[in-house]
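Residue numbers run from 1 in the order of the sequence given.
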Amino acid sequence: MNKHTLNLTIVMTSVLVSSSVTADVDFHGYMRAGIGVSGENGQQVRFQSNKVGRLGNEDDLYAEILLGKELYNQNGKSFYVDSMVALLSDGSNDFEGTNTSCELINNSTEVSCNNDAQFAIRQFNIQSKGLIARDREAVAWAGKRYYQRHDIHISDFYYWDTSGSGAGVENLSVGTGKLSLAVLRQDSGDVNVNNIDIRYAEIKLWQDANLELGFNYGLINETDAQKAGIGDDPLMLTAEITMADVIGGLNKTIFQYATESYGEQMAGLGAGNNPDATSNDGVDGYRIINWGVMAPANNWEIGYQLVYANSSFDSKDDHSIFNIVARPMYKWDENMRTIFEAGWFTEENDNVDSSGSKLTLAQAWAAGSSFWARPELRVYASYLSDYENDDAFGTGNDTEYNLGIQVEAWW
């Protein structure tokens, strides 16, 4: 553990044990961890998880620890502090810190380095309610935060995520819906870029169906010296229809259109953030997404996704991708379930073809019968296939398998 991480740990520990603040501290988090092996690679491998599905296809230890506390609540006004520390590692050792160890390979000048783990401050912000007299539930905020992220859980694909440092006002009552306005910093290298984020949600379409509209604009704020190599400002438009009670579950249909570096992210499965300020390809991109969870019978639930995306370039051939993932789950009782996940994708990028698939069978035990019930302990076997690359897994093979045990939890 390095000096900065140690100092952060001391500060957070001091906050937790202080008798003046331990009362009513909100503690939330997420974690996944486990152990696995593959046929030819030793530790299990990860293969295109956001295209073929994540079940039995994750080779990391990841954790998020969230601590929050209401600091003030008087006269209808409140202030809340929210924080998050995250850890990412390969889970290969007992004591994993941020120390980087390096050694010479075969007494040569070639150096091999091993960084045990990565720590990050993912959120630290203040959120306030009641500052707007006519709209007491509207939230004014500033700091660093996860900002209204939209994702598909079974593939861990974030299709709309502009998280970062910024400020804004969200959930303003405007007409029949809720308006949110934010500016988030997402620099491109040493070029200053601000993501202007405008969302209008909870637009009633029909019974059990709502619409959310979004506009993101990457405002590049270059210096005079940087202007020569800077591309046009990117933008992204999003429309998301959410339908409840579709075959016992929910369904979301998303349409997105974007330009420049945001347009490149459409087929690149980006989230509409981290723009490339030097991109000047004249890109237009779009994608159509449908995902959800349905319950066709009392003891069956099925998670699914379909994604088609295309990015068109002025200076090179198009990039297109189509993928489908399905995760049926049979519930034996309140806690035990058998899960099957199948995923397939095909992709063409600048006239280079790629495609592959994954099949996973898992036996799991969870804290409840819902598809979303966690913690969940899984024992799984996965079979991975790459249809275009004969050495996809680095062992002269185009197929590989994983066997493992994993736990996932959120609270």
Side-chain angles (χ1 to χ4, degrees), residues 48 50-51 120 122 142 144-152 156-168 180-200 212-240 254-289 307-323 345 347-354:
Q48 306 284 3
N50 61 348
K51 301 174 186 176
R122 297 305 310 275
K144 181 177 175 63
R145 67 176 293 195
Y146 284 174
Y147 186 67
Q148 298 192 30
R149 304 191 306 169
H150 293 235
D151 72 296
I152 305 173
D156 209 21
F157 169 35
Y158 285 81
Y159 54 88
W160 193 7
D161 177 12
T162 58
S163 301
S165 296
S180 298
L181 308 170
V183 180
L184 298 117
R185 176 62 54 78
Q186 293 168 349
D187 289 349
S188 175
D190 61 351
V191 180
N192 175 243
V193 182
N194 295 300
N195 193 327
I196 311 300
D197 189 297
I198 303 173
R199 309 188 187 202
Y200 189 47
E212 180 172 1
L213 301 174
F215 172 80
N216 290 96
Y217 188 86
L219 182 61
I220 301 174
N221 183 28
E222 72 273 24
T223 66
D224 289 340
Q226 293 170 331
K227 286 184 177 180
I230 300 301
D232 294 333
D233 295 346
L235 65 83
M236 182 176 78
L237 304 174
T238 301
E240 179 177 275
I254 300 96
F255 303 93
Q256 291 182 301
Y257 169 80
T259 65
E260 304 306 323
S261 58
Y262 290 165
E264 191 169 356
Q265 290 184 30
M266 293 294 98
L269 302 186
N273 57 22
N274 299 321
D276 181 1
T278 62
S279 174
N280 51 15
D281 280 316
V283 189
D284 287 292
Y286 68 92
R287 59 188 172 205
I288 303 170
I289 302 169
V307 177
Y308 176 78
N310 181 275
S311 297
S312 299
F313 301 80
D314 286 345
S315 61
K316 62 179 182 179
D317 291 312
D318 292 357
H319 181 186
S320 63
I321 181 171
F322 174 71
N323 72 72
F345 81 96
E347 185 172 7
E348 183 176 358
N349 188 4
D350 203 15
N351 279 330
V352 177
D353 294 332
S354 59

Could you go through Ser180 and Tyr147, starting from their C-alpha distance and side-chain angles, then the distance that decides it, and tell me whether this counts as side chain to side chain contact (heavy atoms under 4.5 Å, CB included)? CA-CA 11 Å; Ser180 298; Tyr147 186 67; 3.5 Å; yes
Mind running side chain to side chain donor-acceptor pair (under 3.5 Å) on Asp284 and Tyr257 for me, showing each step along the way? CA-CA 8 Å; Asp284 287 292; Tyr257 169 80; 2.5 Å; yes
Full working for side chain to side chain contact (heavy atoms under 4.5 Å, CB included) between Gln226 and Asn192: CA-CA 10 Å; Gln226 293 170 331; Asn192 175 243; over 6 Å; no
Walk me through it: do Asn310 and Asp318 pass the test side chain to side chain contact (heavy atoms under 4.5 Å, CB included)? CA-CA 7 Å; Asn310 181 275; Asp318 292 357; 4.2 Å; yes
If you apply the rule side chain to side chain contact (heavy atoms under 4.5 Å, CB included), what do you find for Met266 with His319, and how did you get there? CA-CA 9 Å; Met266 293 294 98; His319 181 186; over 6 Å; no
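Rounding to the nearest 0.5 Å gives a distance of 9.0 Å between CD1 of Ile254 and OG1 of Thr238. Summarising the geometry, atom OH belonging to Tyr308 is positioned 10.5 Å from atom CD1 belonging to Ile321; distances are rounded to the nearest 0.5 Å. Asn194 contributes atom CG, which lies 6.0 Å from atom CG of Leu219 (distance to the nearest 0.5 angstrom). To the nearest 0.5 Å, the span separating CZ on Phe345 from CG on Asn323 amounts to 8.5 Å. In this structure, OG in Ser165 is found 9.5 Å from CG in Asp187, a value given to the nearest 0.5 Å. Taken to the nearest 0.5 Å, the CZ atom of Phe215 stands 10.0 Å off from the CG atom of Asp197.
Ser311 places a side-chain N or O within donor-acceptor distance of the main-chain N or O of Gly263, the cut-off being under 3.5 Å. Of the possible donor and acceptor atoms, one in the side chain of Ser188 sits under 3.5 Å from a partner among the backbone N and O of Pro275. Side chain of Asp281 to backbone of Val283: no donor-acceptor contact under 3.5 angstrom is found. One N or O on the side chain of Gln186 and one on the backbone of Thr162 form a donor-acceptor pair closer than 3.5 Å. Counting only distance, with no hydrogens or angles, the side chain of Glu222 and the backbone of Val191 share no donor-acceptor pair below 3.5 Å.
Between Tyr217 and Leu235 the shortest heavy-atom distance is CD1-CB, 4.0 Å. Taking every heavy atom of both residues into account, Asp233 and Glu260 meet most closely at O-CG, 4.0 Å. For the pair His150 and Gln148, the tightest heavy-atom approach, listed with the atom from each and the gap, is CD2-O, 3.0 Å. Contact record, Ile220 with Pro234: CD1-CD, 4.3 Å, taken as the closest heavy-atom pair. Ala309 and Ala267 make their closest contact through CB-CA, 3.7 Å (heavy atoms, listed as atom of the first residue, atom of the second, distance). Ile152 approaches Ile289 most closely through the heavy-atom pair CD1-CG2, 3.8 Å.
Each of Arg287, Gln256, Glu240 was compared with Tyr159 under the side-chain hydrogen bond (donor to acceptor under 3.5 Å, both in side chains) criterion, and only Glu240 meets it. Here the rule is side-chain hydrogen bond (donor to acceptor under 3.5 Å, both in side chains) with Tyr262, and of Asn216, Asn195, Asp276 only Asn195 fits it.
Two residues are said to be in side-chain contact when any heavy atoms from C-beta on lie closer than 4.5 Å; Lys51 and Leu269 meet this criterion.
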